[in-house]
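Reviewing the structure listed below.
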Amino acid sequence: MATAIVAGTVIGSGVFKKPQVVSEQLPYSGLAAIVWILGGVLAFLGGLSLAEVAVLFPKAGGNYVFLREGYGRLAGFLFGWVEFWIIRSASLAALATIFTESFHDVLIEISPSTAAGVGYWPQKFITVTVIAGLAWVNIRGVRWGGGLQFFITCIKVASLLGIMILPFIVAAWVNSPTVPRPEVTRLEPVWPAKGGFNLGHFATAFLGVLWAYHGWMNIAPVAEEVHEPQRNIPLALFSGIGIVMFLYLGANVAYYLIIPQPEMARMKAPETEAHGPPSVGLEEEVQDKTVAIGFCRRLLGSVGVAVAAAAVMISVFGALNGNLLVGPRLLYAMGEDGLAPRALSAVHANYRTPALAILVMAVWACLLVVGVAFLTSCGILAEGKSHFDRLTDFAMFGSVVFETLAVTTIFVFRRRLPNVERPYRCWGYPVVPALYLILPAMVLGNMFVHQQVEALTGVGFIALGATVYYVTGISKQ
């Protein structure tokens with residue numbers, strides 16, 4: 001069970017979309033492979049550390065509970081504050097954005113004339129509608145059964161396995177000059193020339209990879225339910241993250257064998273579409289908004305685009321529903337603790353769901369979609385960076401800050417509660433949690449240099465949260 005939770009919650013939109021960011025920042029297949037491996041290693045180290053804390057505090061709320069118990073109510077409040085304003089809502093907005101982009105790709109293949117009418121702002125309307133529709137479903141109390149979740153996870157895994165073997169199947173069965181064959185030469189250059197390594201580009205690429213691995217911390221809420229935790233938690237993390245790393249690396253190797261790195265680096269939705277349709281000369285680049293879709297287009301044509309887009313949509317849909325199911329529960333818990341308006345802890349009389357919490361989170365996610373689109377179209381946010389990447393960077397700044405802080409609570413509880421029974425103890429303590437801190441610190445430092453809008457916005461929200469905490473009297477409750 002724990003292995004399935006780790007693998008199923010990690011695989012989402014990142015492996016279909018973020019290879020473009022990695023290729024753009026690191027045009028070397030060897031370095032690209034390293035950042036994907038490091039993402040898995042970081043998830044493994046963090047999971048080993050956070051699982052010990054989760055077993056000590058087996059309560060709903062995850063990081064919120066760990067930070068509140070470790071550093072006080074202010075830390076718990078600030079996590080909930082940033083989780084709402086940035087992490088969870090921006091994640092919802094980003095996932096819905098990639099859902100709409102994939103839907104648009106399908107329309108282009110099925111009915112180009114219809115797709116031409118679905119321009120910049122109509123796509124944003126669809127994105128908002130998707131969020132609102134899923135929020136309505138969750139408010140109604142519809143429960144997605146284990147069978148459906150298992151089906152979605154199978155689709156994710158099968159999609160990546162299919163990507164891994166597709167180049168070789170096509171090469172064996174199709175002999176056409178228009179269909180590329182897998183070539184090892186496309187992996188070149190593997191390493192940068194002497195003096196060509198840029199730490200800032202490496203850190204930016206790694207930030208994109210962190211989005212692809214985001215979800216590893218979901219082992220924490222179920223740690224208390226794992227049988228023989230000292231043995232099975234590390235085993236679940238090792239096997240779950242190992243499976244994900246294998247699939248991610250395999251998919252990326254397949255991408256590189258078919259798509260030249262310069263082309264992969266350009267596979268994003270140009271924000272110049274804000275004021276009208278793209279020029280004819282850019283048609284293919286506009287269509288291939290994800291690497292997975294560009295990859296399948298080259299091998300299978302229009303059928304491949306439809307299959308790849310459908311796989312992305314299913315994967316993203318599952319992640320969207322999961323976020324709308326889990327995220328509002330934090331607002332509900334904070335409302336009960338008096339760290340958020342009490343109304344957020346109200347349960348709908350008929351549906352027995354935290355309806356207001358779900359509605360509030362969905363509305364803010366929709367506003368993020370519209371707000372980022374408006375600021376980009378006005379030129380306030382720089383063009384050249386897709387809405388998906390901008391939203392995920394917003395989400396990952398807050399996530400990296402508070403997930404790293406949550407991992408550090410293991411040091412606090414080891415010192416404060418030395419004699420408490422621990423069914424699970426972190427392997428390699430204190431080296432493992434200490435090693436975990438290195439890469440997130442590098443990523444955050446790089447964001448303040450190269451992604452200042454996202455970093456400073458995140459800091460501003462944290463500072464605003466602290467102000468709200470003291471000015472409104474929450475600190476005295």
Side-chain angles (χ1 to χ4, degrees), residues 11-20 94-120 122-123 125-127 129-130 133-134 148 151-174 176 178-182 247 250-252 254-255 257-259 263-264 266-270 273 277-278 280 282-321 386-388:
I11 300 172
S13 63
V15 69
F16 302 113
K17 182 75 172 177
K18 288 301 183 179
Q20 180 275 322
L95 288 167
T97 296
I98 197 69
F99 182 93
T100 301
E101 289 180 1
S102 299
F103 174 69
H104 190 251
D105 284 319
V106 173
L107 277 183
I108 289 174
E109 301 306 320
I110 296 175
S111 177
S113 59
T114 302
V118 185
Y120 183 83
Q123 288 186 45
F125 175 76
I126 294 173
T127 303
T129 302
V130 169
L134 272 176
L148 179 58
F151 171 75
I152 292 176
T153 299
C154 287
I155 291 293
K156 296 178 184 182
V157 173
S159 299
L160 295 180
L161 288 174
I163 286 172
M164 291 169 59
I165 64 176
L166 184 60
F168 306 101
I169 293 177
V170 172
W173 288 87
V174 178
S176 171
T178 61
V179 178
R181 303 178 71 83
L247 293 172
N252 275 275
Y255 293 150
L257 289 175
I258 296 299
I259 307 173
E263 291 183 27
M264 192 183 301
R266 295 194 298 269
M267 286 183 173
K268 56 184 176 182
E273 293 178 41
V280 175
L282 291 176
E283 182 178 10
E284 184 170 330
E285 291 187 24
V286 171
Q287 291 178 349
D288 295 338
K289 298 183 183 74
T290 70
V291 173
I293 288 175
F295 169 83
C296 289
R297 179 193 302 281
R298 284 159 174 76
L299 292 175
L300 300 176
S302 298
V303 173
V305 173
V307 170
V312 173
M313 289 171 68
I314 291 172
S315 181
V316 169
F317 188 82
L320 263 173
N321 184 72
S386 72
H387 289 177
F388 174 80

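Residue numbers run from 1 in the order of the sequence given. Just so you know, these numbers come straight off a predicted model, no measurement behind them.
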[X] and [Y]: which non-hydrogen atoms are nearest, and at how many Å?
X	Y	answer
K17	I98	CD-CD1, 3.5 Å
A292	A308	O-CB, 3.9 Å
T178	S176	OG1-OG, 2.9 Å
V305	C296	N-CB, 4.4 Å

[atom1]/[X] to [atom2]/[Y] distance, rounded to the nearest 0.5 angstrom?
X	Y	atom1	atom2	answer
H104	I293	NE2	CD1	11.5 Å
R181	L299	CZ	CG	11.0 Å
Y255	M267	OH	CE	10.0 Å
L95	T127	CG	OG1	11.0 Å
M264	I259	CE	CD1	5.0 Å
T100	L107	OG1	CG	10.5 Å

Does any N or O in the side chain of Q20 come within less than 3.5 Å of the main-chain N or O of T290, such that one atom is a donor and the other an acceptor? no

Determine, stepwise, if the pair V15 / L247 fulfils side-chain contact (heavy atoms from CB on, under 4.5 Å). CA-CA 9 Å; V15 69; L247 293 172; over 6 Å; no

Contacts of T129 meeting side-chain hydrogen bond (donor to acceptor under 3.5 Å, both in side chains) (sequence neighbours excluded), chain-then-number -> none

Can you check side-chain contact (heavy atoms from CB on, under 4.5 Å) on V130 and L320, steps first, answer last? CA-CA 9 Å; V130 169; L320 263 173; 3.8 Å; yes

What residues form a side chain to side chain contact (heavy atoms under 4.5 Å, CB included) with F168, not counting sequence neighbours? P182, L257

Using a 4.5 Å cut-off on heavy atoms from C-beta on, say whether the side chain of I314 contacts that of F317. no

What pairs of donor and acceptor atoms, side-chain ones from residues 156-167 against any protein atom, are under 3.5 angstrom apart with sequence neighbours left out?
| from | atom 1 | to | atom 2 | distance (Å) |
| --- | --- | --- | --- | --- |
| K156 | NZ | G8 | O | 3.1 |
| K156 | NZ | I11 | O | 2.8 |
| S159 | OG | I155 | O | 2.6 |

